[in-house]
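Structure record follows, encoded as structure tokens.
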There are 2 protein chains.
Amino acid sequence: MADNAQDVCSEYGVSVEEDAVHLRDSLLEVAGLSELFKVLADETRTRILFLLSKRELCVCDLALILEMSLPAVSHHLRLLKVMRLVAYRREGKQVFYSLDDEHVVELISVAGKHFGEMRETGGRNG
Amino acid sequence: MADNAQDVCSEYGVSVEEDAVHLRDSLLEVAGLSELFKVLADETRTRILFLLSKRELCVCDLALILEMSLPAVSHHLRLLKVMRLVAYRREGKQVFYSLDDEHVVELISVAGKHFGEMRETGGRNG
DNA sequence: GTAACAATTAAACAATCGTTTAATCGTATG
DNA sequence: CATACGATTAAACGATTGTTTAATTGTTAC
């Protein structure tokens with residue numbers, strides 16, 4: 001019967017019908033993962049994490065480099081703290097942040113590799 | 001002078017001042033990467049990509065498994081097409097989609113590893 | 001204690017995003 | 001050609017998100 005059939009919809013393909021349960025269950029494997037991608041979905045946060053992977057920086061340094069307002073930077077750092085991606089320590093009036101996660105750089109690296117290969121093969125020019 | 005100094009701000013730390021240029025330039029390395037993370041930032045899209053990494057599926061199959069409306073699924077697939085992450089072929093009335101990118105599964109894998117280790121060490125309980 | 005600076009927080013606003021509903025397109029069938 | 005079904009598109013709506021502005025907290029120096 002339908003062994004590797006792939007249609008379902010109305011015409012009772014039944015195909016996936018059995019697999020549907022299995023496939024739906026398998027979604028547990030990726031449950032919640034998008035929360036991490038949400039963090040990197042903002043260009044500013046990707047930049048912050050990338051900078052912090054190079055060296056420890058205080059908030060006003062980041063604001064200077066990124067040419068952004070202090071509250072804006074602080075706002076992003078708050079999320080990074082909640083997600084436990086950065087560590088911070090107070091030194092006088094300043095607060096220094098550093099990267100506290102090993103997977104972030106890996107994710108950035110893979111994404112970079114992706115667009116790198118994209119440019120070689122994919123490009124939409126001739 | 002300031003060699004590994006890390007303060008700047010107003011009190012003329014000058015520290016990063018030189019590095020600021022270098023650090024700002026280095027941001028080119030991560031320019032645009034968040035576009036890929038934006039795709040995965042939505043739980044539904046992560047699920048779709050994950051399902052397509054397991055087998056080819058038509059739109060109504062996805063709608064069935066994800067328990068979502070057809071337009072909603074189609075809407076997400078549109079973005080995945082634009083981003084060249086999926087391939088598609090028409091077969092009669094149905095359109096079958098499949099994963100057409102090797103990095104997506106890698107990203108999902110790393111994210112999964114992240115939360116996996118998070119649960120071991122990080123947990124917010126004692 | 002006051003002043004100055006770094007940082008955080010809160011409220012307000014614009015902009016973006018995802019779903020729904022309805023309409024349209026494409027293909028197969030009678 | 002009309003009907004049915006799968007898929008896409010468009011408009012509309014609600015919800016979320018990121019930045020700005022202003023106010024507040026924490027620390028150092030006078």
Side-chain angles (χ1 to χ4, degrees), chain A residues 5-16 34-49 52 56-83 86-98, chain B residues 5-16 34-49 52 56-83 86-98:
Chain A
Q6 289 154 328
D7 57 313
V8 169
C9 312
S10 66
E11 327 227 327
Y12 59 89
V14 179
S15 61
V16 183
S34 61
E35 289 307 307
L36 180 57
F37 294 122
K38 269 200 208 14
V39 175
L40 293 158
D42 183 83
E43 183 92 11
T44 298
R45 284 193 294 268
T46 307
R47 295 170 121 198
I48 290 176
L49 289 169
L52 295 182
E56 192 184 41
L57 289 167
C58 68
V59 186
C60 59
D61 280 341
L62 287 167
L64 178 77
I65 298 170
L66 299 171
E67 296 175 303
M68 288 181 62
S69 72
L70 254 151
V73 174
S74 187
H75 174 257
H76 287 297
L77 287 170
R78 184 175 172 281
L79 176 60
L80 300 182
K81 272 193 286 189
V82 171
M83 292 295 290
V86 297
Y88 59 100
R89 65 181 180 84
R90 177 143 224 151
E91 189 177 313
K93 294 185 233 175
Q94 296 155 319
V95 176
F96 287 91
Y97 284 83
S98 57
Chain B
Q6 291 156 328
D7 58 313
V8 169
C9 313
S10 64
E11 328 225 326
Y12 58 90
V14 178
S15 61
V16 182
S34 61
E35 289 307 306
L36 180 56
F37 294 122
K38 269 202 223 332
V39 176
L40 294 157
D42 183 83
E43 183 92 12
T44 298
R45 283 192 295 267
T46 307
R47 295 172 121 198
I48 290 176
L49 289 168
L52 294 181
E56 192 184 43
L57 289 167
C58 70
V59 187
C60 60
D61 279 341
L62 286 167
L64 177 77
I65 297 170
L66 299 170
E67 295 176 299
M68 288 180 63
S69 72
L70 253 152
V73 174
S74 186
H75 174 256
H76 288 297
L77 288 170
R78 185 176 171 278
L79 176 61
L80 300 181
K81 271 193 286 188
V82 171
M83 293 295 291
V86 297
Y88 59 99
R89 65 182 180 82
R90 176 143 224 149
E91 189 178 314
K93 295 185 233 173
Q94 295 155 320
V95 176
F96 286 92
Y97 284 83
S98 57

(request) Check every atom of D:dA7, D:dG6, C:dA7 against the side chain of A:Q94 and return the nucleotide holding the closest atom. (result) C:dA7

Could you give the [atom1]-to-[atom2] distance, from [X] to [N], as a whole number of Å?
X	N	atom1	atom2	result
A:E43	D:dT17	CD	P	18 Å
A:F96	C:dC5	CZ	P	17 Å
B:L79	C:dG18	CG	P	8 Å
A:R47	D:dG18	CZ	P	15 Å
B:D61	D:dC5	CG	C1'	14 Å
B:K81	D:dT9	NZ	C1'	11 Å
A:L80	D:dT17	CG	P	14 Å

(request) Would you kindly say whether B:S34 and A:E43 are connected by a side-chain donor-acceptor distance under 3.5 Å? (result)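 A:E43 and B:S34 do have a side-chain donor-acceptor pair below 3.5 Å.
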
(request) For C:dG18, take OP1 and OP2 only and decide whether either is under 4.0 Å from a side-chain N or O of B:R45. (result)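 Looking at the OP1 and OP2 atoms of C:dG18, one of them is under 4.0 Å from a side-chain N or O of B:R45.
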
(message) Does C:dC25 have its OP1 or OP2 closer than 4.0 Å to a side-chain nitrogen or oxygen of B:K93?
(response) no

If I take atom [atom1] from residue [X] and atom [atom2] from residue [Y], how far apart are they, to the nearest 0.5 angstrom?
X	Y	atom1	atom2	value
A:K93	A:C60	NZ	SG	10.5 Å
A:R89	A:C58	CZ	SG	10.0 Å
A:E91	A:F96	CD	CZ	5.0 Å

Polar pairs (N or O, both sides) under 3.5 Å between protein and nucleotides 11-16 of chain D?
none

Hey, can you pull the donor-acceptor pairs under 3.5 Å for the side chains in residues 67-80 of chain A, sequence neighbours left out?
from	atom 1	to	atom 2	distance (Å)
A:S69	OG	A:A72	N	3.3
A:H76	ND1	A:R45	NH1	3.1

Below 4.5 Å, heavy atoms only, C-beta onward: do [X] and [Y] meet side chain to side chain?
X	Y	value
B:L36	A:L40	no
B:I65	B:L57	yes
A:V59	A:Q94	no

(request) Report the residues that fulfil ring pair (Phe, Tyr, Trp, His ring centres under 6.0 Å) with A:F37, sequence neighbours left out, ordered by chain and then residue number. (result) none

(message) With each end axis built from five pairs of C1' atoms, what bend angle do you get for the helix from C:dG1-D:dC30 to C:dG30-D:dC1? Round to 10°.
(response) 10°

(request) Can you sort out which residues in residues 66-78 of chain B have a heavy atom within less than 4.0 Å of DNA chain C? Ascending by number, please. (result)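 The answer is B:M68, B:S69, B:P71, B:A72, B:H75, B:H76.
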
(request) Could you tell me whether A:Y97 contacts a base, only the sugar-phosphate backbone, or nothing, with contacts defined as non-hydrogen atoms closer than 4.0 Å? (result)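 The answer is sugar-phosphate, as A:Y97 gets under 4.0 Å only of primed atoms, P, OP1 or OP2.
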
(request) Please name the pair of heavy atoms, one in A:Y97 and one in A:L52, separated by the smallest distance, quoted to 0.1 Å. (result)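 Scanning both residues, the minimum pair turns out to be O-CD2, 3.3 Å.
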
(request) Could you go through the side chain to side chain contact (heavy atoms under 4.5 Å, CB included) check for A:I48 and A:V86 one step at a time? (result) CA-CA 10 Å; A:I48 290 176; A:V86 297; 5.8 Å; no

